[in-house]
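Below is one structure, written out as structure tokens, with a few remarks after it.
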Amino acid sequence: MKSLFLLLAAGCLLLSGCAGYTLGAQKPAHLRHITKIAVPTFENLTLEPRLASLVTNAVIKQLQNHGSYQIVAKGEAEAVLQGKVSNINRTQFRSDLNNVLRSSQIMATLTCLFTITDTASGKVLHSGNATADSYIILEANLQLSETQLLEDAAQRLANNLADQVSEGW
């Protein structure tokens, strides 16, 4: 009898250790009721071609990875995430050792403004901005280096944006 009591007490202690923890997403309180979201192609306010579609695809992938929202078409969505790629700033990160005017690494800062709008009421549920920095070592093929730089910056920006709308803490 005593061993049964000890076993039950140990079981209660083990189960109470996980009190308050839940599995799954912890969305912000004002977005808790949203489960289906549409993400149309972001608007590109920069002069960089194809940057909006690059960022939009990265955001969709990150939201899917977080698992907080189901990405659906606009007609099925409870809310719409709209964004504007507002700025891309390239700066010299490091210069060539033998020639300070020649860059060996470039850093890009990407900025995006976004809003989440309720489809039923048209009310803005959340608005914010996300930024990301990325740098790359320049190689002989400058176009390939630039493409890799923009892809990395878009991934980092998408991760920051997805964290803002998917994490409640």
Side-chain angles (χ1 to χ4, degrees), residues 15 17-91 93 105-139 141 143-169:
L15 291 176
C18 296
Y21 291 101
T22 59
L23 293 175
Q26 296 293 320
K27 292 188 262 188
H30 60 283
L31 298 175
R32 192 167 307 276
H33 67 284
I34 302 296
T35 57
K36 296 180 180 180
I37 194 165
V39 185
T41 304
F42 285 16
E43 187 178 344
N44 188 1
L45 303 178
T46 70
L47 296 177
E48 187 67 40
R50 298 178 299 131
L51 186 58
S53 60
L54 188 68
V55 171
T56 305
N57 289 336
V59 167
I60 290 170
K61 287 178 186 174
Q62 283 299 322
L63 288 173
Q64 289 172 334
N65 285 343
H66 275 261
S68 300
Y69 305 100
Q70 181 182 358
I71 308 299
V72 296
K74 203 170 187 176
E76 303 170 33
E78 298 166 347
V80 177
L81 170 67
Q82 295 176 316
K84 296 179 183 180
V85 181
S86 61
N87 190 19
I88 182 165
N89 186 21
R90 294 175 188 85
T91 57
F93 190 66
Q105 291 182 354
I106 291 181
M107 182 161 73
T109 303
L110 197 56
T111 306
C112 176
L113 308 170
F114 66 93
T115 58
I116 298 177
T117 308
D118 189 307
T119 53
S121 66
K123 178 183 172 189
V124 174
L125 301 173
H126 185 84
S127 64
N129 64 352
T131 60
D133 293 329
S134 178
Y135 74 92
I136 194 156
I137 298 169
L138 291 177
E139 297 181 18
N141 187 342
Q143 284 184 316
L144 180 61
S145 296
E146 177 79 10
T147 301
Q148 291 172 345
L149 176 71
L150 293 178
E151 287 175 1
D152 186 55
Q155 289 296 325
R156 291 172 187 261
L157 180 122
N159 192 32
N160 292 342
L161 191 150
D163 282 347
Q164 286 184 42
V165 299
S166 297
E167 303 294 331
W169 41 273

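Residues take their numbers from the sequence shown, with the count starting at 1. The structure presented is a predicted model; accordingly, all values stated were derived computationally and were not measured.
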For this session: Go through the steps to decide whether Leu81 and Leu63 satisfy the test side chain to side chain contact (heavy atoms under 4.5 Å, CB included), and finish with yes or no.
Result: CA-CA 11 Å; Leu81 170 67; Leu63 288 173; 3.9 Å; yes
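- Contacts of Thr117 classified as side-chain contact (heavy atoms from CB on, under 4.5 Å), with partners at least two apart in sequence or in another chain: Gln82, Thr115, Val124.
- Between Gln64 and Ile71, some side-chain heavy-atom pair lies under the 4.5 Å cut-off.
- In this structure the side chain of Leu110 reaches within 4.5 angstrom of the side chain of Leu51, judged on heavy atoms.
- Looking only at distances, a side-chain donor or acceptor of Tyr69 sits under 3.5 Å from a matching main-chain atom of Val165.
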For this session: Give the C-alpha distance, both sets of side-chain angles, the deciding distance and a yes or no for side chain to side chain contact (heavy atoms under 4.5 Å, CB included) between Ile116 and His30.
Result: CA-CA 11 Å; Ile116 298 177; His30 60 283; over 6 Å; no
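- Residues Cys112 and Leu161 approach most closely at SG-CD1, 4.4 Å, considering heavy atoms.
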Exercise. Between Thr35 and Glu78, is a side-chain hydrogen bond (donor to acceptor under 3.5 Å, both in side chains) present by the stated rule, with each step listed?
Worked result: CA-CA 7 Å; Thr35 57; Glu78 298 166 347; 3.1 Å; yes
Exercise. Between His66 and Asp163, is a side chain to side chain contact (heavy atoms under 4.5 Å, CB included) present by the stated rule, with each step listed?
Worked result: CA-CA 8 Å; His66 275 261; Asp163 282 347; 2.9 Å; yes
For this session: List the steps, then state whether side chain to side chain contact (heavy atoms under 4.5 Å, CB included) holds for Leu150 with Ile88.
Result: CA-CA 9 Å; Leu150 293 178; Ile88 182 165; 3.0 Å; yes
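- A distance-only check finds no donor-acceptor pair linking the side chain of Ser86 to the backbone of Leu113 [under 3.5 Å].
- When each of Leu54, Ile60, Val59 is paired with Thr56, the side-chain contact (heavy atoms from CB on, under 4.5 Å) condition holds for Ile60 and for no other.
- When all heavy atoms are compared, the tightest approach of Val85 to Ala52 is CG2-CA, 4.2 Å.
- Of the residues listed (Asn89, Thr131, Asn87, Asp133), the one engaging Thr109 in a side chain to side chain donor-acceptor pair (under 3.5 Å) is Asp133, and it is the only one.
- Here the side chain of Gln164 pairs a donor or acceptor atom with the backbone of Asn129 at under 3.5 angstrom.
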